[in-house]
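Values below: every heavy atom of this structure, side chains too, minus hydrogens, waters and symmetry copies.
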Amino acid sequence: MPELPEVQTIVSDLNKKIIGKKIVDVWCDWPKILQKPKRIREFKKKIKGAEIKKAWRRAKFIIIDTSFNLSIIFHMRMTGHLLLFNPQLKIKNHDPIIEDPVNRFIHFKLIFADKTELWFSDMRKFGTIALVPQNEVLKEKSLAKLGPEPLDEKFTFTVFSKQLGGQRGKIKQVLQNQEVIAGIGNIYADEILWEAKVHPKKLVSSLTPTNLRNIFTAIKKILAKAIVKRGTSVADFRDTAGKKGFYNGMRKAYQRTGEPCMRCGKKIKRIVIGGRGTHYCPKCQKI
DNA sequence: AGAACGTCTCGGCCGC
DNA sequence: TGCGGCCGAGACGTTC
């Protein structure tokens, strides 16, 4: 589900809502999502009594630091959600989670001393949760090899060009390669390439300086805009209150097959690249 | 029936 | 023939 903007939305919510909360219990009914420790008993034993210090993001990973010098690393994969459950709201029948169509897929809960809970729901059960020492978060295998954060001010055009240098594949696949740039997935890759007027199959080695400049600008612009809009909910994405993101109405390419291009009117086409559905305008985005 | 917002692993092929 | 690297397909649950 989430790419960088969606993950950032969740992280912002968490920082507003769960700082200082004390974990008193942990619940899990699908042990496979626990990467380490593998057993819930051990997970609970380690984290019980810890207070939430802060939430942050690296690529599509959500990290929650605690007072025990331990961090919980979540990855939502395709359909993961982090939902904040508040029994008070439930009583008033205003709980958005109760109306959330995906709430039957809760597989993990952090239960806090104030009776609120953080739920991890995941329809497809691809998501992962790991508990690691705080100073080892970025040393985790999957995090250690991540490329630069595209919204970091240090991610300049020079850095971007350097990252793409020597890349063999098609631009769409390279944009989604987390080791090249961290956080871009299938939706925003399509949106970025539409914005930059570059064909998704174009080889990185054949990109012109103008192409490169336009892609770089589009990455910054679209990701930032999507964060302001609290992400894209084509299907499953929800924030911690179970609400959808608003970037959906701004989509220009992703899942608009057959609809008119918002620049030229030509029908958006769907092809498959690297096994992923890819949407582009055959007139604006030439190879 | 086919596709879904992600990543990891495996097997085959290419070229030293 | 042997090995490393790259690439694509398949796998992972489940829903609509």
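Considering only the side chain of A:Lys60, B:dG6 comes nearest among B:dC8, C:dT14, B:dG6. Closest approach to the A:Phe105 side chain among C:dC12, C:dT15, B:dT7 is made by C:dT15 (side chain taken as heavy atoms from C-beta onward). Between B:dT7, C:dC12, B:dA4, one nucleotide has an atom nearer to the side chain of A:Met78 than all others, and that is B:dA4. Nearest nucleotide to the side chain of A:Gln255, out of B:dG6, B:dT7, B:dA4: B:dA4. Side chain of A:Lys145, nearest nucleotide from C:dC7, B:dC8, C:dT14: B:dC8. Here the nucleotide nearest the side chain of A:Gln173, chosen from C:dC12, B:dT7, C:dG8, is C:dG8.
For C:dG13, there is no paired nucleotide, since no Watson-Crick or G-U wobble pair has both relevant distances below 3.5 Å.
Residue A:Gln178 has no polar side-chain atom (N or O) positioned under 4.0 Å from OP1 or OP2 of B:dG6. Between B:dG6 and A:Arg276, a contact under 4.0 Å exists linking OP1 or OP2 to a side-chain N or O. Contact annotation: A:Lys141 reaches the phosphate of B:dT9 (side-chain N/O to OP1 or OP2, under 4.0 Å). The shortest distance between the side-chain N/O atoms of A:Lys32 and the OP1/OP2 oxygens of C:dC12 is not below 4.0 Å.
Contact annotation for A:Arg270: backbone-only contact, meaning every heavy-atom pair under 4.0 Å involves sugar-phosphate atoms and none involves a base.
Anti is the glycosidic conformation of C:dG5, whose angle departs from 0 by more than 90°.
Residue A:Arg77 contributes atom CZ, which lies 19 Å from atom P of C:dT15 at whole-angstrom precision. In this structure, the CG atom of A:Leu143 is 14 Å from the C1' atom of B:dC8, given to the nearest Å. For the pair A:Asp29 CG and C:dG13 C1', the computed distance is 13 Å after rounding to whole Å. Per the geometry, NE2 belonging to A:His81 stands 16 Å off P belonging to C:dT14, to the nearest Å.
When the C1' atom is compared between C:dG13 and B:dG2, the two are found 16 Å apart, to the nearest whole Å.
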